[in-house]
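Here's the structure we're looking at; comments come further down.
We number each residue from 1, following the sequence as shown. Worth knowing before you read on, the calculation uses all heavy atoms, side chains too, and leaves out hydrogens, waters and symmetry mates.
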Amino acid sequence: MWRDLLPIGRHPASHGYRRFAWSGVDGDCRAWFEEQAAARGLRYEADRNGNQWAWLGDPAVGDAVVTGSHLDSVPDGGAFDGPLGVVSAFAALDELRGRGARFTRPLGIVNFGDEEGARFGLACVGSRLTAGQLTRDQAHRLTDGEGVTLPRAMEAAGYDPDAIGPDPERLARIGAFVELHVEQGRALDLSGDRVGIASAIWPHGRWRFDFRGEANHAGTTRLTDRRDPMLSYAETVLAARREAELAGAVATFGKIAVEPNGVNAIPSLVRGWLDSRAADQDSLDAVVAGIEKAAGEYAAAHGVDLAVVRESFTPVVEFDHALRDELARILGRDAGLTVPVLGTGAGHDAGILSGSIPTAMLFVRNPTGVSHSPVESATEDDCVAGVLALADVLEGLACR
């Protein structure tokens, strides 16, 4: 499975992945998922929001156990973030069938659409729509960098954009969702453990900073006459680092748009996107407030106008304690593992669904700690350990 999926969307120059929602490459990933479902005799369906499902048993019975993740990527992302959870889900089912496990609850495997938000700027679109955290009207207003709207992209891929929206009936059939994911950090590498359990997802959000100045000639405009928004932006990037360090948080300006974007032109607009995350809400609020205050002061000093827009926000997510404890009990009793419980600064579909159904996460060790990069990795032995841990969990939950 891994070998079949590995070449899809891989960029020859960067060696990273460009699997963007509703693109042709995304369609290839979706076809791969459908083929895996068919090869196992599973019932396949794509829901109204474009999420893909493969079912063993009838989900209408209710109290289903679901596992899976996503197949899309960030620009030039790694091979493991998302796909490891989907591949491991199918592999865990194969393992359980090999054990002769008898299922007493329906089992589902899912590929959530557009988790990374790389194309339309909003993460977890598929799960947000399903959980009612994103309305149809809001989704229809999403646009990519080429001006293509989400409805147009979905329609081109063969899906009905007018059908998207909350899916409470589907969620009501799910009794537990467990997502396996490569760790995005080095906690497991430092502890020497192959597998961990998630405790919570840090609160996090995305803010857009628009610095508006005055375009002018780079060679003829005196420094004292300039209203250069790039200066204010650059100083704000440094301020974000300082504020994050003070709060023990993280803050990143990782995307920028410049107008008119000419080498010999002073910009009229610099638009930068801030991603910030912290262990608690107060710390996150303090970081973002500090960055906004500094940005305002720098903009005023350079005669630049500033507007800040919060584009998305996810509060702290505490995974279901009972389900989390059950995972630890299953792995401790049946597999003899002492599994560490870890917090994470990364968002996931499991976090979105946690407000609607009991959710939990398993992490697989990442020796580099690097994610959202082509050097993201996990050893084959650790991936197998993750599959076996997931199989044990699914057996404990769905084969009583």
Are Leu238 and Val270 connected in the hydrophobic side-chain network, where two residues link if heavy atoms are under 4.5 Å apart? no
Mind listing the closest non-hydrogen atom pair of Met1 and Ala91 along with its distance? CE-N, 3.8 Å
Does Arg119 pair with Asp72 as a salt bridge, N-O distance under 4.0 Å? no
Mind listing the closest non-hydrogen atom pair of Leu171 and Ile357 along with its distance? O-CG2, 3.4 Å
Hey, can you tell me if Phe177 and Phe112 have their rings parallel, tilted or perpendicular (30° and 60° cut-offs)? perpendicular
Report yes or no: do Glu311 and Trp273 form a side-chain donor-acceptor pair below 3.5 Å? yes
Do Glu115 and His348 have side-chain atoms, one donor and one acceptor, less than 3.5 Å apart? no
Can you confirm whether the side chains of Thr135 and Gln138 place a donor and an acceptor under 3.5 Å from each other? yes
Locate the shortest heavy-atom distance separating Thr67 from Ala89; write the atom from each residue and the value. CG2-CB, 3.6 Å
Should the pair Arg18-Asp76 be classified as a salt bridge under the 4.0 Å nitrogen-to-oxygen rule? yes
Please tell me whether Glu179 and Ser69 have a donor and an acceptor in their side chains that are separated by less than 3.5 angstrom. yes
Spacing of Ile330 atom CD1 and Leu397 atom CG [to the nearest 0.5 Å]: 4.5 Å
Could Asp26 and Arg19 be called an ion pair, given the rule that one side-chain N must be under 4.0 Å from one carboxylate O? no
Within this structure, what is the CD-NE2 distance for the pair Glu214 and His302, rounded to the nearest 0.5 Å? 15.0 Å
So CG of Asp94 and OG of Ser88: to nearest 0.5 Å the spacing works out to 11.0 Å
Do the ring centers of Phe253 and Phe209 come within less than 6.0 Å of each other? yes
Student check: side-chain heavy atoms of Glu183 and Asp189 closer than 4.5 Å: no
Pair Glu326 + Arg329, salt bridge at N-O below 4.0 Å: yes
Side chains of Val341 and Arg324: closer than 4.5 Å at any heavy-atom pair? yes
Is there a donor-acceptor pair closer than 3.5 Å between any side-chain N or O of Ser191 and the backbone N or O of Leu188? yes
pair Thr149-Leu142: side-chain heavy atoms closer than 4.5 Å: no
Could you report the tightest heavy-atom contact between Arg136 and Asp162, atom names first, then the distance? NH1-O, 2.8 Å
Closest heavy-atom contact between Asp381 and Arg194? CB-NH2, 3.9 Å
Hydrophobic cluster membership, with links at side-chain heavy-atom distances under 4.5 Å among I/L/V/M/F/W/Y: are Leu96 and Leu390 in one? yes
Phe90-Phe33 aromatic ring centre distance below 6.0 Å: yes
Identify the heavy atoms of Gly57 and Pro106 that sit nearest to each other, and give their distance. C-CB, 4.4 Å
Closer than 3.5 angstrom, by distance alone: can the side chain of His140 be matched with the main-chain N or O of Pro161 as a donor-acceptor pair? yes
Within 45° cone of Trp53 ring axis and under 6.0 Å: Arg170 NZ or CZ: yes
We want to know whether Glu376 and Asn366 form a side-chain donor-acceptor pair, criterion being a heavy-atom distance below 3.5 angstrom. no
What about Phe319 and Leu342, same hydrophobic cluster or not, with Ile/Leu/Val/Met/Phe/Trp/Tyr joined at side-chain heavy-atom distances under 4.5 Å? yes
Please check if Leu353 and Ile109 belong to a single hydrophobic cluster, counting links between Ile, Leu, Val, Met, Phe, Trp and Tyr side chain heavy atoms closer than 4.5 Å. no
For the atom pair CD (Glu116) and SG (Cys124), what is the distance rounded to the nearest 0.5 Å? 8.0 Å
Counting distance only, does the side-chain N/O of Asn111 pair as donor-acceptor with the main-chain N or O of Leu71 below 3.5 Å? yes
Should His181 and Asp81 be marked as a side-chain hydrogen bond (donor to acceptor under 3.5 Å, both in side chains) after you check the CA-CA gap, both sets of side-chain angles, and the distance that decides it? CA-CA 7 Å; His181 204 280; Asp81 180 354; 2.7 Å; yes
Test log, rule side chain to side chain contact (heavy atoms under 4.5 Å, CB included), inputs Asp47 and Asp167: CA-CA 9 Å; Asp47 68 22; Asp167 202 347; 4.2 Å; yes
Same apolar cluster: Ile256 and Leu274, side chain cutoff 4.5 Å: yes
Separation between CD (Gln52) and NE2 (His70), nearest 0.5 Å, reads 13.5 Å
Could you give me the CA-CA distance, side-chain angles and deciding distance for Asn51 and Thr130, then say whether side-chain hydrogen bond (donor to acceptor under 3.5 Å, both in side chains) is met? CA-CA 9 Å; Asn51 306 310; Thr130 301; 3.0 Å; yes
